[in-house]
Amino acid sequence: MRVVMILPALTEATSPFFRPIKYSLFPPLGLATLAGYLRPDDEVRIWDEHVERLRLGDDRPDLVVIQPYITSARRAYQLADAYRSRGVHVAMGGLHVTSLPQEAARHADTVFIGPGEDTWPVFLADFRRGEARRCYTSTARSLDTMPPVRRDLIQRHRYLVPNSIVVSRGCPHHCDFCYKDAFFEGGRSFYTQRVDDALAEIDRLPGRHLYFLDDHLLGNRRFAEGLFAGMSGMGRVWQAAGTVDSVLATGLLERAVDAGLRSLFVGFETVNGDNLRAQGKRQNIGRDYAAVVRRLHDLGVMVNASFVFGMDGDGPDVFDRTVDWAVSQGIETATFHIMTPYPGTGLYRRMHAAGRMLHEDWDRYDTRHVVFRPQGMTAGELEDGYRRAYRRVFRWGAVWRGAATKPALGDRLRHLAYAGAWKKFEPVWDVLIRTRQVLHALPLLETALGSFGTRKIG
Ligand code: B12
Ligand code: SF4
C-alpha cells in the first residue's frame with residue numbers, strides 16, 4: 001500500500017514574507033507516530049509543507065493522511081479535495097478535526113475524533129479489507145502498545161530541533177482556554193508511556209539535545225521521577241514545558257536538572273490574578289511568580305515565559321506591565337499570544353454564547369489576530385499592544401536589562417547570547433533554513449544549553 005502523509009502549511013508559510021524560523025523548529029511528530037503502525041512493506045512519504053513545497057502533480061496514492069491544525073485547516077481541505085477528486089481515500093484527524101468533525105467530514109472520507117493510537121490501527125485493518133468507516137472515535141487511551149516513531153521518515157536536516165519527543169499525552173489540569181479537554185473527551189485526558197519505552201525512544205535519538213513537546217512533562221510525579229532517574233548520566237541537555245506549581249513542588253525540578261533540563265517553557269499566562277480565576281487556571285492562582293523564576297534560575301534553568309493578552313481583566317496597561325515584569329525578572333525569552341478561543345473549548349462556548357466571536361476565518365486563529373470582542377480594550381488596542389510587547393521585550397535595551405539582573409558575569413553573557421540569538425539574528429536563521437544548513441546550528445544550541453545548569457544543586 002502507498003501512503004502519503006501531509007502536515008499542511010498555514011497560509012502565510014507560502015508567502016515570500018514568511019519568517020521560517022518558528023516553523024522549521026519541529027518535525028511532524030504526530031504523523032511519524034501514525035506511520036509507525038504501517039507495515040514494513042507499505043511505502044510511505046511524509047510531507048511537511050512548512051519546510052518543503054508539496055507538488056500534487058497527478059499523484060494517486062492508495063491513502064492520504066492529513067493533519068490540520070486550526071490555522072492550516074483551509075489549506076488542508078484544499079489538498080483533501082484535490083486528492084479526493086482523483087479518487088484517493090483521504091483520512092483526517094487531530095485537534096482541529098476533533099473540535100469540528102462535521103466541517104472536516106465535508107472534505108475527508110474518514111475522520112478521527114481524539115487521539116489516534118486506538119482507532120488508527122483499527123481503521124488500517126478496515127481499510128485494507130475495503131471496509132473503512134466514515135468516522136472513528138477514540139475511547140481507549142494507552143501508549144503501551146505504541147510502535148516506535150518512524151523517525152527514518154523525518155528529514156532531519158530541515159529542522160533546528162529534529163529531536164523533538166513526546167512521552168505522554170494531555171495534562172492533569174483543565175484550563176478553560178485549552179484544547180485539551182475537548183480533544184480527550186470520552187476517555188483519559190492524561191497518560192504516559194512506560195518509563196522504559198520512553199527511555200528507549202530517547203536512546204534512539206542521536207546527538208545530545210532533546211525537546212520534550214509534552215504539555216506537562218512534570219505532570220505525573222512518579223513517571224517523571226522514573227524518567228529523570230533513567231536519563232541522569234546520559235549526558236543529554238533538554239528543554240520542556242511545565243506549570244508553575246510543578247516548578248515550586250519540592251525535589252522534582254532538581255531531578256530534572258540533574259537529568260539535563262536546561263530551559264523550561266512556563267505558562268504564566270497573565271500577571272493579573274482575576275484572569276486566572278476566570279480561566280480556571282487554578283494551579284497558578286496565588287503562586288509567587290517571582291519565586292518560580294528565581295527557583296529556575298537558581299538551578300541554572302532558562303525560562304521561556306508564556307503570556308496571553310486580552311483576557312477580560314486586561315486593560316491597555318497589561319502589555320507594559322507584563323514586559324516590565326518579565327524583564328525585571330531576567331526571563332530569557334518570552335512568548336506572547338492574543339487570547340484565541342478555539343472551537344471546542346469552554347472559553348469558545350462562553351464567548352460564542354455572549355455573541356463576542358467576530359468571525360470564523362480559521363486562518364486568523366493564530367494567536368496574532370483578535371478574533372473575539374475584548375472587554376477591557378478595543379481589538380485594535382489589543383493587536384497593537386501585542387506587537388508592541390514583542391518589540392519592547394526583544395529590544396537590546398531590554399535584553400541588557402534582563403541580563404543585568406543576573407549576579408554572575410557568565411550568566412549575564414549567556415542571557416545576552418541566548419535572548420539575542422532568538423530574536424536579533426533572525427535573518428541569519430532564515431538563511432540557514434532556506435539553504436538547508438539549519439541542522440549545523442544545533443551544536444551551538446547544545447553548547448549554549450550545556451553551559452547552563454547544575455550550579456547550585458546539592
Ligand atoms: C510542536 C507544536 C507546534 C510546532 C510545530 C508542529 C509540528 N511540526 O507538528 C509549531 C511551533 C510550528 C507550532 C505552531 C503553531 N501552533 Co502548535 N503546537 C505544537 C505542540 C506543542 C506539539 C505538537 C505535537 O507534536 N504533539 C505530539 C504529537 C504526537 O501529537 P499530535 O501532533 O497531536 O498527533 C496525534 C493526534 O493528534 C492524532 N492525529 C493527528 N493527526 C491525525 C490524523 C489521523 C488520520 C489520525 C488517525 C490521527 C491524527 O494522532 C497523533 C498521534 O498521537 C502542540 C501541543 C500539543 N500538545 O499537541 C501545539 C498546538 C498543536 N499548536 C497550536 C497552535 C494554536 C499553533 C499555532 C496556530 C499558534 C501559535 N501561535 O503557536 C501555530 C501554527 C501552526 C500551523 N502550522 O498552523 C494548538 C492547536 C489548536 C488547534 N485547535 O488546532 C496546540 C494544540 C497548542 C495549544 N495548546 O493550543 N506548533
Ligand atoms: S496546564 Fe497547559 S496543557 Fe494543561 S490544561 Fe492548562 S493550558 Fe492546557
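Hydrogens, waters and symmetry mates are skipped; everything else that's a heavy atom, side chains included, is used. Every number for a ligand or one of its atoms is a count from 1 in the order of the listing.
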**Q** Counting only heavy atoms not in R86, do more than 12 sit closer than 6.0 Å to its CZ atom?
**A** yes
**Q** Please indicate whether R39 has more than 12 foreign heavy atoms, meaning atoms of other residues, nucleotides or ligands, lying under 6.0 Å from its CZ.
**A** no
**Q** With atom 75 (C) of ligand 1 as the reference point, say which of L143, T71, T367, I338 has the nearest heavy atom.
**A** T71
**Q** Counting heavy atoms only, which part of L34 comes closer than 4.0 Å to ligand 1: side chain, backbone, both or neither?
**A** side chain
**Q** Output yes when the distance from some N or O of ligand 1 to some N or O of E117 is under 3.5 Å, and no in every other case.
**A** yes
**Q** Given side chains that start at C-beta, do those of Y159 and P28 come closer than 4.5 Å, heavy atoms only?
**A** yes
**Q** I want to check a possible cation-pi pair here: R133 against Y136, using under 6.0 Å from ring centre and within 45° of the ring axis as the test.
**A** yes
**Q** Please state which option from Y37, Y179, F265, Y211 has its nearest heavy atom closest to atom 88 (C) of ligand 1.
**A** Y179
**Q** Taking the ring of F228 and the ring of W238, is the distance between their centroids below 6.0 Å?
**A** yes
**Q** At a 4.0 Å cut-off, with the gap strictly under it, does some heavy atom of L25 reach an atom of ligand 1?
**A** no
**Q** If you measure from atom 3 (S) of ligand 2 to every heavy atom of D214, D215, V308, which option wins on shortest distance?
**A** D215
**Q** Give a yes or no on this: more than 12 heavy atoms of other residues, nucleotides or ligands lie within 6.0 Å of atom CD of E52.
**A** yes
**Q** Looking at non-hydrogen atoms alone, which of E269, H216, H173 comes nearest to atom 5 (S) of ligand 2?
**A** H173
**Q** Give a yes-or-no answer on whether the side chains of T192 and N220 include a donor-acceptor pair shorter than 3.5 Å.
**A** no
**Q** So for ligand 1, is Y365 a polar contact partner (N or O within less than 3.5 Å, distance only)?
**A** no
**Q** Could you name the option among G116, G30, G267 that has the heavy atom nearest to atom 38 (C) of ligand 1?
**A** G116
**Q** Within the structure, is a non-hydrogen atom of H50 found at a distance of less than 4.0 Å from ligand 1?
**A** yes
**Q** Can you tell me if CD on E185 sees more than 12 non-hydrogen neighbours from other groups inside 6.0 Å?
**A** no
**Q** Nearest to atom 40 (C) of ligand 1 by heavy atom, R169, H337, M146, Q67: which?
**A** Q67
**Q** Can we say E49 and R55 salt-bridge, meaning some charged N sits less than 4.0 Å from an Asp/Glu carboxylate O?
**A** no
**Q** Should one rank A91, A35, G93 by closest heavy-atom distance to atom 42 (C) of ligand 1, which comes out on top?
**A** G93
**Q** Would you say C171 reaches atom 4 (Fe) of ligand 2 with an N/O/S atom under 2.8 Å?
**A** yes
**Q** Between V97 and ligand 1, which residue portion shows a heavy-atom distance shorter than 4.0 Å: side chain, backbone, both, or neither?
**A** neither
**Q** Is the distance between atom 8 (Fe) of ligand 2 and the nearest N/O/S atom of H174 smaller than 2.8 Å?
**A** no
**Q** Give yes if a backbone or side-chain nitrogen or oxygen of Y69 is under 3.5 Å from a nitrogen or oxygen of ligand 1, and no if not.
**A** yes
**Q** Is F123 in contact with ligand 1, taking contact as a heavy-atom separation below 4.0 Å?
**A** no
